[in-house]
Protein chains: 2
Amino acid sequence: MTRPVRPLRADAARNRELLLAAAEDEFVERGVSASVADIARRAGVAKGTVFRHFATKEELIAAIVGGHLAALTAVARRLLDSADPGAALLEFLTVAADTRQQHDLTFLQTVSDGDSTVIEIRDQLYASIGALVDRARAAGAIRPDITGMDVVLLVCAPVHVAGNLPDPAPDLWRRYLAIIFDGLRPEGASPLPRPAPSWP
Amino acid sequence: MTRPVRPLRADAARNRELLLAAAEDEFVERGVSASVADIARRAGVAKGTVFRHFATKEELIAAIVGGHLAALTAVARRLLDSADPGAALLEFLTVAADTRQQHDLTFLQTVSDGDSTVIEIRDQLYASIGALVDRARAAGAIRPDITGMDVVLLVCAPVHVAGNLPDPAPDLWRRYLAIIFDGLRPEGASPLPRPAPSWP
DNA sequence: TAGCAAGTTGACCTGTGGGTCATTTTCTGG
DNA sequence: CCAGAAAATGACCCACAGGTCAACTTGCTA
């Protein structure tokens, strides 16, 4: 899959990391419209260097998104060993919201969702979430009509909800995660109108 | 407040409406980055005309957002007369999600939230929602620790959640509205971690 | 340490978007 | 029906963004 490409030269590797970090900061501050020139300046590098590492701005965005998805996947896999499946699912949602709170890159998702590498990593993440949900359901921690895809879609909701406020308290999302998770619990569940969406 | 400005000439009034409609369509299709030139073309009007009606692109966006907020406010006020406060709140959330589903303009909100007219309309909407929530809480239809601001923040969540899917079924949001509304119900509610946010 | 491929630089190109304005067209009150 | 005000037009301006490339610099390897 990864053909034997010789490793990056030391300075190039360093610049690549600097660029990813600078780009992430810049995107958080300015949104998708952050300019490549500004990103380069922030990384202390010329604009041409950006395009040596990432052919287009979209490719740069995909690299950032891919990194985050991979990190989340690792968290989900680790939690699959947990003794309490319900707590594990809640913990995963908490960690996911927490990282997303620190730097909201949701808006980058749309740009990068055509990238094949991103799709691959994303599918692994979805599979892990699916496993977490299956275990939680089997343990009776969530209602039977909730699927993995439901949870996938709901992951970003708490942060998004809190983000509607101009200057939200840094952990306000916990309040909305609690409300939404209560909606996933079996107690007092009302029947759901539409069937869960299938795999995308 | 509104000084006696003579009414628009007939053609100008017509063009204004054409522009608002065209702009809304264009924004839905292309996002915020839809260009003024394209909007003008779609309205069958020259670019200069756009700027005669709206000094800047932001002002045009504010006009669209303001219109939608006003329509929602009217819905909320009408529902305040309903006999069943719990059903009224659910109905409001349903209507809100439904209109937002038909044309998602959430991304315009950020642009327009500095506009004084928009702020005024928005505050009226928030007040109406607050009243709906108070009535529902008093009737025991939702848990006691939910505030009006909570619901304000949660309004867009169902559509947003369904929107994470590339091509969501047109009323998938109903599923997530049901889940979230279950989280608002008193049955099986777990204590909420953070206090509700105050007025913005 | 020398040679060269890999990496960097920054001036430059091109497209595009918001916004302006002198000129022309159109509406309307008298 | 006409005069003048209101509105529409579209060529034009400028800023800025993504992307290119020939010339230059630097890390690596033999």
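From a predicted model like this one, the values you see are computed outputs, not experimental measurements. Below, read A as the first sequence line, B as the second, and so on, with proteins coming before strands; counting in each chain starts at 1.
Under the salt bridge (Lys or Arg N to Asp or Glu O under 4.0 Å) criterion, no residue pair touches residues 57-78 of chain A, with sequence neighbours excluded. Applying the ring-ring contact (aromatic ring centres under 6.0 Å, His included) test to residues at least two apart or on different chains, the pairs with a partner in residues 131-170 of chain A are A:H160-B:H160. Among pairs with a residue in residues 138-155 of chain B, those fulfilling salt bridge (Lys or Arg N to Asp or Glu O under 4.0 Å) read A:R175-B:D150, A:D182-B:R143, B:R143-B:D145, at least two apart in sequence or across chains. Among residues at least two apart or in separate chains, ring-ring contact (aromatic ring centres under 6.0 Å, His included) pairs with a member in residues 31-79 of chain B are B:H68-B:H103.
B:I39 places its CD1 atom 18 Å from the C1' atom of D:dA8, with the value rounded to the nearest Å. Nucleotide C:dC27 holds its C1' atom 12 Å from the CG atom of B:N15, rounded to whole Å. The distance between atom CZ of B:R41 and atom P of D:dT9, rounded to the nearest whole Å, is 14 Å. Rounded to an integer number of Å, the gap from CZ of A:F54 to P of D:dT20 is 16 Å.
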- prompt: Just by protein heavy atoms under 4.0 Å, how would nucleotides 24-30 of chain D read 5' to 3' in B, S and -?
  reply: --BSS--

message: Base contacts versus sugar-phosphate-only contacts with protein, heavy atoms under 4.0 Å: please encode nucleotides 14-19 of chain D as B, S and - from 5' to 3'.
response: ---SBB

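Taking CD1 of A:I179 as the start and CD1 of B:I180 as the end, the distance is 9.5 Å to the nearest 0.5 Å.
At the phosphate of C:dT8, OP1 or OP2 sits under 4.0 Å from a side-chain N or O atom of A:H53.
The side-chain contact (heavy atoms from CB on, under 4.5 Å) search around B:V118 returns B:A62, B:V65, B:L69, B:S112, B:D115, not counting sequence neighbours. For the salt bridge (Lys or Arg N to Asp or Glu O under 4.0 Å) test, no residue two or more places apart in sequence or in another chain qualifies with A:D98.
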Determine all donor-acceptor pairs shorter than 3.5 Å in which one atom belongs to a side chain in residues 164-172 of chain A; sequence neighbours excluded.
residue : atom : partner : partner atom : Å
A:N164  : ND2  : B:L153  : O            : 3.0
A:D171  : OD1  : B:R194  : NE           : 3.4
A:D171  : OD1  : B:R194  : NH1          : 3.3

